[in-house]
Q: 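Structure provided below as structure tokens; questions to follow.
In this chain, residues are counted from 1 in sequence order. Since we're looking at a predicted model, the values are computed, not measured.
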Amino acid sequence: MYEMRAESTADRCQLLWHVIAKDTTFSTLCGSHLSPDQAAPSAVEPEAERYCAPCMHAFSREIHVRGAAVPVRSTPEP
């Protein structure tokens, strides 16, 4: 199962959603490594949210290679 995890930007005004690689805790499909403090969304409501384009592209390739839907779980907000 893949998981979506939000990373707060440096100013904490935006969330960037990554796809976490299978069987890992903080390794993303784009190659970034999220630390536990980066992965936790800010307590303040973000001004904007967006998805990591390289993660989405890699996830799309995985779906097409497997030819079937792949389950995804979003990290619940606190």
Side-chain angles (χ1 to χ4, degrees):
M1 176 184 293
Y2 289 89
E3 180 178 336
M4 297 291 297
R5 182 132 344 138
E7 169 188 19
S8 295
T9 58
D11 59 6
R12 299 273 197 202
C13 293
Q14 291 188 6
L15 292 179
L16 178 62
W17 287 90
H18 291 279
V19 180
I20 303 298
K22 282 185 169 185
D23 302 323
T24 67
T25 305
F26 297 107
S27 180
T28 66
L29 292 184
C30 69
S32 296
H33 294 281
L34 300 179
S35 66
D37 61 327
Q38 284 178 302
S42 172
V44 176
E45 186 70 27
E47 292 176 8
E49 294 184 40
R50 58 192 173 95
Y51 295 97
C52 172
C55 279
M56 294 292 106
H57 182 69
F59 182 68
S60 178
R61 276 195 322 259
E62 283 291 314
I63 290 173
H64 292 307
V65 166
R66 293 174 187 253
V70 179
V72 176
R73 176 176 49 115
S74 292
T75 302
E77 294 186 25

Q: If you group Ile, Leu, Val, Met, Phe, Trp and Tyr by side-chain heavy-atom gaps below 4.5 Å, do Leu16 and Tyr2 land in one group?
A: no

Q: Taking side-chain contact (heavy atoms from CB on, under 4.5 Å) as the definition, give me every residue that meets it alongside Ser60, ordered by chain and number, with sequence neighbours left out.
A: His64

Q: Met4 and Val19: side-chain contact (heavy atoms from CB on, under 4.5 Å), yes or no, with the steps?
A: CA-CA 5 Å; Met4 297 291 297; Val19 180; 3.5 Å; yes

Q: For the residue pair Cys55 and Cys30, what are the closest heavy atoms and their distance?
A: SG-N, 3.4 Å

Q: Is the shortest heavy-atom distance from the side chain of His18 to the side chain of Leu29 under 4.5 Å?
A: no

Q: State, yes or no, whether a side-chain contact exists between Ser27 and Ile20 at a heavy-atom distance under 4.5 Å.
A: no

Q: Does Thr28 reach the side chain of His33, with side-chain heavy atoms less than 4.5 Å apart?
A: no

Q: Rounded at 0.5 Å granularity, tell me how far CD in Glu7 sits from OG in Ser32.
A: 6.5 Å

Q: Once the angle between the rings of Trp17 and Tyr51 is folded into 0 to 90°, is it parallel (under 30°), tilted (30 to 60°) or perpendicular (over 60°)?
A: tilted

